[in-house]
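Report on the following structure.
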Amino acid sequence: MYLSKRILGAIPVLIVVAAVVFTLMQFAPGDAVNMLVSDEASEADKAAIREAWGLDRPPLVQFLSFLGNAVTGDFGTSFKYKVPVMELVMEKLPATIELALASTLVAVVIGIPLGVLAGARPGSVWDSMASAFSFAGISMPNFWLGILLILLFAGQWHLLPSGGRTPWGLDLPRITGFHLVDSVLQGRWDAFLSTLRYLALPSIVMGTNMMGIIAQMTRASVQEALHEDYVVTARAKGLSGQRVLWRHAFRNALIGVVTIIGLEFGALLSGAMIVETVFAWPGIGSLLIQGIAARDFPLIIGLVLVYTGLFILVNLLIDLLYTLIDPRIRVS
Amino acid sequence: MNTQTSPATLPGLCARLRKRYRQMTGFKALFGLGMVAILLLMGLFSPLLAPHAPNSQDLMSAMRPPDWTGPHVLGTDHLGRDILSRIIYGSRVSLVIAIAVAVFASLLGVFLGVVGGYFGGRIDAAVQKVTEIFWSFPPLMLAIAIVAFIGQGLVIVVIALTAQRWIPYCRVTRAETMALRDREFILSARSLGASSRFIILHHILPNVMLSIIVMTSFAMANAIIAEASLSFLGLGVPPHIPTWGGMLSDSRAYISSAWWMALFPGLAIFLTVLGLNLLGDALRNQFDPKLKSH
């Protein structure tokens, strides 16, 4: 009930978002038809193309017909690639999601222990180190980190590939589009390992900011929790420091961390545009940047909506996750 | 592991923490202020500080590595332009955008937040709806959409980055205004016949000012990274204006042969943003009574 209400609530937001982007498009200088025809096209040719693509209709009519089609999953046809936008998105989306999940994993696996260590011993060397590390992570421009890591790991030491998603010539039939999943399903361990190698640098780069924020958040929550009565009680009962830390303090800190992951997932998606560009990762982020360069309006609108929809969806999932972690939060 | 929570050591721990906190806060504030001062100096006095003109090309001395004693301390790029000079001039764009975005975002956000929080009702509901819509775009996505459709340029970048930056200001000031609205000193001012305008200007705004200052530090850090990201993607200010993000974008093609083209502009972004983030954190520690009492 709650879920369906939330999903229904997201629909008007998406419609307004589409309207905002459509309005912006009206300010775009030049004639969209020029993206579709060669420079020598005559006015008659242009008029024909304009009619064929529906560009001759008033903006409001274009918008309403776009909305009508979007409901059925049809986001129009890309100017540049001349195929349905949805087809392009579906082809590239798994790459972005795979990268985003790997980055979140990196951020969580490093950020949480770092934050717990720092929070458990406030004022210690660990605390200072974790603090410095997390501030550096938050302030790091991810495209710079990406370039530096390519420089070191690919250029200098030749340990990892500098970009792309698969080595040249690797033939992995597509099942889900997630390379890690596909290679496991087909028992292709060579492909699995090479996917990991290609994932390593981009996911570290993309996860760095989130890692810093998670570490700070965990540190503050653990520190706060360790002063709570129930932790003092647990200590008084004779539970070991480790047990108190992880079972009591950390569990409570987790709620804040989950919130942060949800909030930061949006930043992660935006970061994907930049990281995918740096690492030539074939996801929807680099697709969007190419679409902007080509002034491929249907592709841009479709991708902005897909991005926003994903962002809303993730925050919805996070809300649901709360109830699992903390039984006190039962959504009313 | 010693979790240091036994009641006997708690006062000692708190005293140690307080001292440590003061030291850390002092260091953060100092580092942050230092970085802001450097940014300001570089931006204001670029022509005096830069050893070369930022766009003067010299293909004969292209891609020279850093040389502490030579004419190009941090090296040159693929067109023979001096990296140090371009970093110094590039600070201007970062500075202008950071200040402009912070000013416009705070004006818009604080206005909407205070008005919504103070009057409540329909006005507040309307403000909340607008906030919700702008917030549903992933960060930077709205900015990219604006720049992608409308075009490049300093003013457009400022508008594009302000489009979402006002929201944190709005949220925080709204919450604080709602908490203040029913406090006794406001009620008594109202019963003495003070107008809403007077109360907002003389009683509410001074009380939310500290939060605004703290947020501004973070907003500037955020704006600098966002502008650099847009420039890196080729969506920022026109390419003939030197920017740190644009320099990094240029460096990608020469990554294996000229590491200095990537290292120094990135370091400039990193240190500036780090400084602003540390400053914001120090200000928050200093002003937030909840943290201070720890």
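All values reported here derive from a predicted model rather than from experimental measurement. Chain letters run A, B, ... following the sequence lines, proteins first, then strands; residues in each count from 1.
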Assess the residue pair A/F297 and B/F149 against the criterion (ring pair (Phe, Tyr, Trp, His ring centres under 6.0 Å)); give the C-alpha distance rounded to whole Å, side-chain angles, the decisive distance to 0.1 Å, and a yes or no. CA-CA 8 Å; A/F297 292 162; B/F149 286 124; 5.1 Å; yes
Need one label for A/A154: side chain, backbone, both or neither, based on atoms under 4.5 Å from any heavy atom in chain B. neither
When every non-hydrogen atom of A/I274 is compared with those of B/L233, the smallest separation belongs to CG1-CD1, 3.9 Å
Just so I understand: if I count every heavy-atom pair under 4.5 Å between each of B/S136, B/G275, B/G151 and chain A, which residue has the most? B/S136
Contact origin within A/V20 toward chain B - heavy atom pairs under 4.5 Å: side chain
Who among B/T272, B/L142, B/I146, B/L235 has the most heavy-atom pairs with chain A under 4.5 Å? B/I146
Heavy-atom distance under 4.5 Å between the side chains of A/F311 and B/M141, does that happen here? no
Do you know which of A/A293, A/S270, A/A28, A/G119 has the most heavy-atom pairs with chain B at a distance under 4.5 angstrom? A/S270
Is a side-chain N or O of A/W144 found less than 3.5 angstrom from the main chain of B/F270, in a donor-acceptor match? no
Surrounding CZ of A/F133 (heavy atoms of other residues, nucleotides or ligands, distance under 6.0 Å), is the total greater than 12? no
Interface residue of largest heavy-atom contact number with chain B, from A/I150, A/V13, A/L269, A/L151, under 4.5 Å: A/L151
Would you sort out whether A/F143 and B/I269 count as a side-chain contact (heavy atoms from CB on, under 4.5 Å), showing the intermediate values? CA-CA 11 Å; A/F143 41 96; B/I269 304 173; 4.1 Å; yes
Using a 4.5 angstrom heavy-atom cutoff, name the option from B/A262, B/A148, B/S229 with the most pairs to chain A. B/S229
Atom of B/I225, atom of A/S139 and distance for their closest heavy-atom approach: CD1-O, 3.8 Å
Chain B contact via A/L24 - which portion, at a heavy-atom distance below 4.5 Å: both
Proximity breakdown for A/I147 and chain B, heavy-atom pairs closer than 4.5 Å: both
Below 4.5 Å from any heavy atom of chain A, which atoms of B/L263 appear? Answer side chain, backbone, both or neither. both
Can you tell me how far apart CH2 (B/W135) and CG (A/N315) are? Round to the nearest 0.5 Å. 10.5 Å
Relative to chain B, which segment of A/S131 carries a heavy atom at a distance below 4.5 Å: side chain, backbone, both, or neither? side chain
Does any heavy atom of chain B fall under 4.5 Å from the side chain of A/L268, the backbone, both, or neither of them? neither
Residue among A/N142, A/V21, A/L310, A/L145 with most heavy-atom pairs under 4.5 Å to chain B: A/V21
Could you report the tightest heavy-atom contact between B/R252 and A/T277, atom names first, then the distance? NH2-O, 3.0 Å
Dump the intermediate steps for side-chain contact (heavy atoms from CB on, under 4.5 Å) on B/F232 and A/V278, then the final yes or no. CA-CA 10 Å; B/F232 179 77; A/V278 173; 3.6 Å; yes
As an exercise: rank A/G291, A/A136, A/G146, A/A10 by heavy-atom pairs under 4.5 Å with chain B and give me the winner. A/A136
Under 4.5 Å from a heavy atom of chain A, the part of B/K129 involved: neither
Rounded distance [0.5 Å steps], CE in A/M25 versus CD1 in B/I150: 12.5 Å
Partner chain A: residue of B/L140, B/L271, B/L248 with the largest heavy-atom pair count (under 4.5 Å): B/L248
Part of B/D281 within contact of chain A (heavy atom distance under 4.5 Å): side chain
